[in-house]
Number of protein chains: 2
Amino acid sequence: MAVDQRRSPSASERKRDPERTRARIIEAAAAEFGAKGYAAARTSDIAARAGVNKQLISYYFGGKEGLYKELATSWHGTAAEMASQEQPLDAVLASFVATTLTDHGRVWAWSNLADDSPSTDQEFLRAQVDQLRDRQAAGELPADLDPGLLLLTLMAAAAAPLTLRQTARQITGEDPGTREFAEKYAAQLALLVRHLSGRT
Amino acid sequence: MAVDQRRSPSASERKRDPERTRARIIEAAAAEFGAKGYAAARTSDIAARAGVNKQLISYYFGGKEGLYKELATSWHGTAAEMASQEQPLDAVLASFVATTLTDHGRVWAWSNLADDSPSTDQEFLRAQVDQLRDRQAAGELPADLDPGLLLLTLMAAAAAPLTLRQTARQITGEDPGTREFAEKYAAQLALLVRHLSGRT
DNA sequence: GATTAAGTCAACCCATTGGTTGATAACGGA
DNA sequence: TCCGTTATCAACCAATGGGTTGACTTAATC
């Protein structure tokens, strides 16, 4: 360790780095909460995974619950971006399927079952509903469906490998958590919405 | 309490009734596990809800986990029946939507997220896949879809008010746990599969 | 009626878990 | 270089929660 440490302290070789520590804790929390859900997740496990003393969870986030809330709100920004870009419906569904494989997605699924926190970003949902309405107006989707409920159906369908994880495994015999499965499933969904749009 | 208790002991006015006690505990467990999930559910709450001493959970089921497993397997019989009857697809979906409002359904959803227990009955799933394949052969559903994945999609879609509970609430502004919502949603799904089948 | 078995409960036990404390080390500015 | 602040940690703490113990009560059997 003969490296001069006084200069350029932002490099990765630092003894103390609050930013990095915070980030590591959040990342570890996403993994743990995502894997086991809030109640079953252990703060000591989160700290261990982050490679950090568990007291730092209190120090930075005010405890387990604070950390969870931070996590829940932290990706609202990300979702908002995703909403803005106009893509073919296939692509939207595919990207949604993809996010269900992330830790974020898993936490989202857990939080959807519990009735504690506001899970999804309102902006995102509104934008998506509007987009569906547009597609209906353009004849891309049947006009007699309620766009809100349709969005709900499509999101649930896309999230199936996550929310119905065990069932998916039992039906297909494969692990629904892999990228291959997600791609195959997304392809199937694309096929399905094509049928929906009338063009067989 | 001047009622003669010695005669006809199977009536509801008994001091001790193991059957009833067992049933009450199971019922209470379904409610608690369904509401909060396994990890967050408290055995004392289950006992309290059942109006019974919490030790009886150990006595009858060997503890929290035993109770949970009992619960998980207890409705496999019920599901099997549901599978056998040949109904129009609308009806199948509707009954599936309906079961997502029950405590059973909620527990099922939780157990699907966690990777602990075998959640759904294998028989049931196989039967449903076969049924879908038949419908494809009959031209009722597009033949180019994989029947297994299609079942997954349909189940996920039907379970949306449960698995995407918070999101559903945010999208529609209503409580997705009510019977009215379930009916409205089932109607929407019926409409959707009709579009799928080609007959616009 | 006596004896045994089954059912139920109040009280206690102890491992787990989230959180706190106080000490210590690193960093940055005077 | 010294000092105050910030970051980090090991050890400790209180509460929670699932489980057990032992006593007591009801029901069935002889």
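Throughout, protein chains are lettered first and strands after them, A, B, ... in sequence-line order, and every chain is numbered starting at 1. Only this structure's heavy atoms are used, side chains among them; waters, hydrogens and symmetry mates stay out.
Counting only heavy atoms from C-beta outward, the side chains of E32(B) and D103(B) never approach each other to under 4.5 Å.
If you check residues 37-55 of chain A against DNA chain D, the residues with a heavy atom closer than 4.0 Å are V52(A), N53(A), Q55(A), listed by number.
Ring geometry for Y38(B) against F33(B) counts as parallel: the plane angle stays under 30°, on a 0 to 90° scale with 60° as the upper cut.
Regarding F61(A), its CZ atom lies at a distance of 16 Å from the P atom of dG18(C), rounded to whole Å. Going from atom CD1 of I57(B) over to atom P of dT21(D) covers 17 Å, rounded to whole Å.
Look at Y59(A) and you won't find any side-chain N or O under 4.0 angstrom from OP1 or OP2 of dG19(C). Distances shown here put a side-chain N or O of T21(B) below 4.0 Å from the OP1 or OP2 atom of dT8(C).
Here the nucleotide nearest the side chain of Y60(B), chosen from dA7(D), dG19(C), dT8(C), is dT8(C). Among the nucleotides dT20(D), dC27(C), dG19(C), the one closest to the side chain of R16(A) is dC27(C). In this structure, the nucleotide among dT8(D), dG19(D), dG19(C) sitting nearest to the side chain of K64(B) is dG19(D).
Side-chain heavy atoms closer than 4.5 Å link hydrophobic residues (I, L, V, M, F, W, Y) into clusters, and following such links, even through other members, never connects L113(A) to W108(A).
In this view, E174(B) and K184(B) satisfy the salt bridge (Lys or Arg N to Asp or Glu O under 4.0 Å) rule, not counting sequence neighbours.
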